[in-house]
Amino acid sequence: MENYGKPSVKVKQGDIVEIEDIEVKETELKPQEIPLDIIYEDTDIIVVNKPKGLVVHPANGNPDGTLVNAIMNICKDSLSGIGGELRPGIVHRLDKDTSRVNYNCKK
């Protein structure tokens with residue numbers, strides 16, 4: 001049996017593929033109450049007009065006070081897992097100095 005750990009490997013007829021369900025882990029990121037200009041929100045998405053100067057993802061030098069922290073505060077327990085971790089999926093990554101509308105997945 002071949003190792004199918006790589007996405008580039010093609011499955012052939014008769015191969016047996018096992019899929020492991022990955023348990024979603026709590027993130028170390030903390031929700032923060034940061035005012036946002038919410039344009040639209042429903043049970044599946046939230047559309048935010050990201051202001052210039054707001055960092056999108058926590059990183060070195062910006063561990064908190066980000067759009068991710070704000071979205072986590074708004075979405076509470078409605079976030080789904082991404083990469084095995086419970087956190088919001090920011091669809092459009094905008095850098096700190098860019099202001100635009102941002103679509104974020106809630107589920």
Indicate the atoms forming the closest heavy-atom contact of [X] with [Y], along with that distance.
X: P58; Y: P63; answer: CB-O, 3.5 Å
X: V68; Y: H57; answer: CG2-ND1, 3.6 Å
X: G53; Y: K50; answer: N-NZ, 4.4 Å
X: Q32; Y: G65; answer: OE1-N, 2.6 Å

Checklist entry - Counting distance only, does the side-chain N/O of N62 pair as donor-acceptor with the main-chain N or O of A59 below 3.5 Å? => result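 Not a single qualifying donor-acceptor pair exists.
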
Checklist entry - Once you round to the nearest 0.5 Å, how far does CD1 of I38 lie from CD1 of I74? => result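 Going from the CD1 atom of I38 to the CD1 atom of I74 covers 3.5 Å.
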
Item to check | Separation between NZ of K10 and CG of D15, rounded to the nearest 0.5 Å | outcome: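 Going from the NZ atom of K10 to the CG atom of D15 covers 13.5 Å.
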
Item to check | side-chain hydrogen bond (donor to acceptor under 3.5 Å, both in side chains) partners of D64, counting only residues at least two apart | outcome: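 side-chain hydrogen bond (donor to acceptor under 3.5 Å, both in side chains) list for D64, sorted by chain: empty.
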
Next on the checklist: Can you confirm whether E41 sits close enough to I46 that some side-chain heavy atom of one is under 4.5 Å from a side-chain heavy atom of the other?
Outcome noted: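 Yes - at least one pair of side-chain heavy atoms lies under 4.5 Å apart.
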
Checklist entry - Are side-chain heavy atoms of I34 and L67 found at a separation under 4.5 Å? => result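 No, too far: nothing below the 4.5 Å cut-off.
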
